[in-house]
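Just so it is clear, the values below take in all heavy atoms, side chains as well, and ignore hydrogens, waters and symmetry mates. Start at 1 and go down the list; that is how both ligands and their atoms are numbered.
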Amino acid sequence: MSEKNNNAVIKSSLERVIFEARIKYNSSPEIQLSGLSCNLSKGGLYLRTQLSLEADDTLSLSFSLPGQEPISCDARVAWTNFAKNKRKPDYATGVGLQFLNLDAEDLAKLEKFIDAYDQEKRMNVVCAWCGKFLGLRKGPSGRTSHGVCEQCRESLAV
Ligand SMILES: [Zn+2]
């Protein structure tokens, strides 16, 4: 039962985009660490880390969107994804972070970045039967997804 509730919290309605960048972070001012992110939304990002963090720990973050000044903020560990409790096995070991105090300007930058990504980076959809191009769909750029075109659907229905 609690598992179900946890999942509801993890699944936010925020759109995530693939975002692999170097994230500088620390849990105490003396120790500066860095790791790679996997994805990003307006509300947070996924950080690859082996650091034994727990839910509700807070980190200071600094990262840059392509060609932009670094964004700094604090973030809360929303969920963890370590070997002992891997909630998302397809993700690298790490934590889901929730931004706590992004300033309005940085939030606007994030929104712009995510919206632009959303428009440009889509995966191709092709008919699984005849290979006809069916358009673009939200998803990782360069990937291909499959659908069924109208002609094939008709012929299959017969
Ligand atoms: Zn087809």
Participant: Kindly say whether the aromatic ring centers of Phe19 and Tyr46 come within a distance under 6.0 Å.
Facilitator: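 Judged by ring-centre distance (under 6.0 Å), Phe19 and Tyr46 do not meet the cut-off.
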
Participant: Are Asp74 and Thr58 close enough that a side-chain donor and a side-chain acceptor fall under 3.5 Å?
Facilitator: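 No.
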
Participant: Decide, yes or no, whether a salt bridge links Asp56 with Arg76 under the criterion of side-chain N to carboxylate O below 4.0 Å.
Facilitator: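 A salt bridge links Asp56 with Arg76.
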
Participant: List, by chain and number, the other hydrophobic cluster members for Val125, where Ile, Leu, Val, Met, Phe, Trp and Tyr join if side-chain heavy atoms come within less than 4.5 Å, directly or indirectly.
Facilitator: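 The other cluster members (ILVMFWY side chains, heavy atoms under 4.5 Å, direct or chained) are Leu134.
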
Participant: Apply ring pair (Phe, Tyr, Trp, His ring centres under 6.0 Å) to Phe99 and list each qualifying residue two or more places apart in sequence or on a separate chain.
Facilitator: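 So Phe99 forms a ring pair (Phe, Tyr, Trp, His ring centres under 6.0 Å) with Phe63.
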
Participant: Which residues satisfy the side-chain contact (heavy atoms from CB on, under 4.5 Å) test with Ser72, sequence neighbours excluded?
Facilitator: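 Here the qualifying residues are Ser62.
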
Participant: Quick check for you: within a radius under 2.8 Å, how many protein N, O or S atoms neighbour the Zn ion (ligand 1)?
Facilitator: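 There are 4 of them.
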
